[in-house]
2 protein chains.
Amino acid sequence: MNIGEIAKRAGVSRSTVSYALSGKRPVSEDTRRRIQRVVDELGYRPSASARALANGRTSTIGLVFPPAGNHYTGMQLDFIGSVVEAAAVYDYDVLLSPSGVDSDRSFQRLLGERRVDGAILMEIRLEDDRVDHLAALDFPSVAIGRTAHPEGGWWVGLDHTALVEACVHHLADLGHRRVAFVNRPEQLLRTGYESAHRGLDGFTKAAAERGLTVRTYCCGDDATSGQACVERILHDDPATTALVTLNEAALGGLYRGLAQAGRHVPRDFSLTGVVANRWAETVTPQLTAADVPAAAMGRLAVELLVERLDHPGAAPRHHLLTPPISLRASTGPAGTAPTIDAGPGTTP
Amino acid sequence: MNIGEIAKRAGVSRSTVSYALSGKRPVSEDTRRRIQRVVDELGYRPSASARALANGRTSTIGLVFPPAGNHYTGMQLDFIGSVVEAAAVYDYDVLLSPSGVDSDRSFQRLLGERRVDGAILMEIRLEDDRVDHLAALDFPSVAIGRTAHPEGGWWVGLDHTALVEACVHHLADLGHRRVAFVNRPEQLLRTGYESAHRGLDGFTKAAAERGLTVRTYCCGDDATSGQACVERILHDDPATTALVTLNEAALGGLYRGLAQAGRHVPRDFSLTGVVANRWAETVTPQLTAADVPAAAMGRLAVELLVERLDHPGAAPRHHLLTPPISLRASTGPAGTAPTIDAGPGTTP
DNA sequence: CTAGCTTCGCGAACCGGTTCGATGAAGCGA
DNA sequence: TCGCTTCATCGAACCGGTTCGCGAAGCTAG
């Protein structure tokens with residue numbers, strides 16, 4: 001079931017079979033058909049390894065994302081799905097590599113053993129050794145997210161700063177004066193996780209512009225942490241009337257915490273943030289939020305990578321996305337001073 | 001940067017380098033060290049394609065799941081994550097293949113071009129041509145889910161029938177007499193999707209045993225459909241006091257529909273079902289449910305596959321899991337007849 | 001001193017494709 | 001009919017590893 005077998009049965013040489021199948025040199029219509037018939041009869045498909053060895057291309061791209069320790073979020077799933085699907089369009093397979101950092105064994109395999117033609121990196125940090133390393137090697141790669149110095153790089157990113165600013169302005173316009181920010185877990189912030197930092201920057205900047213009284217919190221990526229976070233917020237400043245969040249996994253817990261504190265959304269309390277569409281629509285009332293266009297980002301990343309693979313030396317390109325805020329039902333005008341008697345956890 | 005280069009610099013032959021690195025034949029400690037030093041200095045790593053071609057093993061396993069058309073669910077993400085992680089332990093990479101059926105191009109690539117040593121299949125149907133095909137080829141594979149005839153196969157599955165039965169009994173024990181079943185989308189049921197069918201079977205069987213009045217529904221995999229589904233349920237039989245669901249993506253919508261109909265959970269209405277842990281804890285009140293042990297299943301699938309790869313001809317093995325129901329807060333005793341005046345959508 | 005055994009390393013073949021240069025036949029104008 | 005081009009095909013080399021068989025030292029024992 002190898003190319004020699006096909007050649008023998010079709011009565012031609014191996015090279016002729018190769019040319020007939022690849023079309024890289026003309027082959028007479030007659031022999032082409034004869035070869036094709038044998039190929040179809042035997043269901044022959046050329047070995048990917050042999051081809052990869054011969055022409056130096058694996059037709060595979062690597063998708064690099066951190067290991068599951070920190071729970072996968074819905075967004076990551078959307079990225080993975082859209083990358084796989086877009087890659088299929090260009091006849092690429094996708095190899096998954098769970099690597100947080102440059103030195104991971106899995107990452108080394110991908111590069112050192114030349115398993116992939118190019119890579120797409122997720123979960124970018126502001127200072128990201130993986131990005132730096134790949135750039136230094138001039139290895140074809142595209143980041144989903146951007147580092148502190150994205151100039152001259154290939155990436156598709158979300159303007160978290162602008163997005164969170166828009167959220168803050170939206171709340172300020174509605175009259176909210178005391179607003180909390182619910183960020184991703186502290187550990188991610190410490191590691192320099194991009195969205196957490198840029199989101200926080202946007203929050204701080206817009207809050208200052210509008211003269212708001214604010215507090216910022218880190219929150220674990222799960223419902224229980226979200227609930228606890230709301231309790232902390234209302235304990236620290238019971239007069240808080242709104243929050244902005246980047247943490248979609250905690251969203252359900254945030255709602256639960258508010259409900260248990262007797263705050264009605266959106267009458268007593270407004271929520272907004274930057275969240276994947278599917279989550280925003282799952283909670284009740286549905287979340288007014290800047291929807292993360294995860295599927296589009298995955299697709300764009302693949303397109304950039306394919307372009308880079310097809311035209312080595314092409315000038316770096318990127319996409320910075322700023323989706324609009326989808327007005328749903330979780331924000332409303334700040335009412336009179338909230339009723340402080342309602343919530344638990346206000347003990348000094 | 002190939003093995004010949006290493007050999008030259010270390011002053012030995014290519015084969016010696018190969019043996020020194022693989023350890024498949026003894027090499028004197030002296031030359032082994034000399035080779036290792038050169039390898040370290042140059043950061044040499046053997047090419048995966050060349051190795052794969054030479055010894056016929058790619059050190060890659062394929063993970064086959066249906067394309068995104070039908071939204072990815074959280075469970076799928078957990079499967080993917082745990083499979084990737086478990087595979088890394090055994091030094092396997094994971095290649096993603098979005099294939100619903102046997103004839104998909106992506107599926108053909110995986111097999112025909114020998115890109116992977118083995119495969120793990122997700123989203124199994126009762127009659128699944130992919131499973132049959134792989135079995136006929138004796139290609140090493142493990143299914144996450146089981147077909148109608150799982151005998152002699154390699155798989156790890158969930159006993160949906162027993163799980164849903166347990167849910168029904170739980171509700172019946174609480175005094176519920178009119179119960180609805182919210183299944184996955186109709187299209188999945190029609191295609192023979194395993195969990196939808198077995199879950200439905202369990203529901204029907206247990207309901208008959210307990211003499212319950214029941215209705216069954218199909219529901220799209222999103223919150224909006226869930227909401228609509230609750231409206232239909234309460235319209236069809238306003239006296240319904242409980243439901244069982246397999247549809248985690250619709251869960252938020254189910255809660256929303258109940259809230260809008262004025263039914264309080266769990267006072268007026270009980271919910272339970274088979275759902276991934278993370279979703280059960282996201283909703284308020286948290287869902288009493290049989291938690292799908294997705295991470296464990298992914299891990300077990302990899303372990304079975306590795307065993308099958310290491311011992312060709314080993315007797316088929318499988319794991320059928322039946323996790324217990326986690327009692328949370330979404331079910332309670334059936335009260336007096338529910339207040340019919342509350343809900344909308346009751347117009348004839 | 002030599003027969004016999006180990007140890008260590010070498011060269012060559014092989015895995016299954018791709019690609020380049022060469023060759024022979026056919027076509028064509030002079 | 002000869003020389004020149006064009007076209008279709010072939011053989012061989014190559015990609016970068018692995019693996020098998022063999023032989024040269026070095027050692028031990030008789």
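For the numbers below, each heavy atom of this structure counts, side chains included, while hydrogens, waters and symmetry mates do not. Lettering of chains follows the sequences in order, A, B, ..., and the numbering in each one begins at 1. Everything numeric here is computed off the predicted structure, so don't read it as measured data.
Using a 30° and 60° split on the angle between ring planes, Trp155(A) and His318(A) fall in the parallel class, below 30°.
Atoms CG (Leu53(A)) and P (dT19(C)) sit 12 Å apart, rounded to a whole Å. The distance between atom CZ of Arg57(B) and atom P of dG16(C), rounded to the nearest whole Å, is 16 Å. Remark: P of dT18(C) and CG of Asn55(A) are 7 Å apart, rounded to the nearest angstrom. Here dC10(D) presents its P atom at 15 Å from NZ of Lys8(A), a figure rounded to the nearest Å. Whole-Å rounding puts the Met1(A) CE to dG16(C) P distance at 9 Å. Rounded to whole angstrom, the span from the CD1 atom of Ile3(A) across to the C1' atom of dA13(D) amounts to 15 Å.
At the heavy-atom level, Ser15(A) lies under 4.0 Å from base atoms of the strands shown. Counting any heavy atom pair closer than 4.0 Å across all strands shown, Thr31(A) reaches sugar-phosphate atoms only and no base atom. Backbone-only contact: Ser47(B) has heavy atoms under 4.0 Å from sugar-phosphate atoms and none from a base.
Taking 4.0 angstrom as the limit, Lys24(A) places a side-chain polar atom (N or O) nearer than this to OP1 or OP2 of dT19(C). Applying the 4.0 Å criterion to OP1 and OP2 of dC10(C), one finds that Ser13(B) has a side-chain N or O inside that range. OP1 or OP2 of dT18(C) has at least one side-chain nitrogen or oxygen of Arg51(A) nearer than 4.0 Å.
A salt bridge between Asp138(A) and Arg308(A) is present, with a side-chain N of the basic residue lying under 4.0 Å from a carboxylate O of the acidic one. Remark: Asp91(B) engages Arg109(A) in a salt bridge, criterion side-chain N to carboxylate O under 4.0 Å.
At a cut-off of 3.5 angstrom, counting only N and O atoms as typed in the model, there is no donor on one side facing an acceptor on the other between the side-chain of Tyr19(A) and the base of dC10(D). Judged by distance alone with a 3.5 Å cut-off, a donor-acceptor contact links the side chain of Arg25(B) to the base of dG21(D).
Both Ala50(B) and Asp30(B) sit near DNA chain C, but only Asp30(B) has its closest nucleotide nearer the 5' end. Nearest-nucleotide mapping onto DNA chain D: of Arg14(A) and Ser28(A), the residue sitting toward the 5' end is Ser28(A).
Inter-residue side-chain proximity for Leu21(B) and Tyr44(B) is flagged as met; some heavy-atom pair is nearer than 4.5 Å. Side-chain atoms of Leu321(B) and Leu300(B), non-hydrogen and from C-beta on, do get closer than 4.5 Å to each other.
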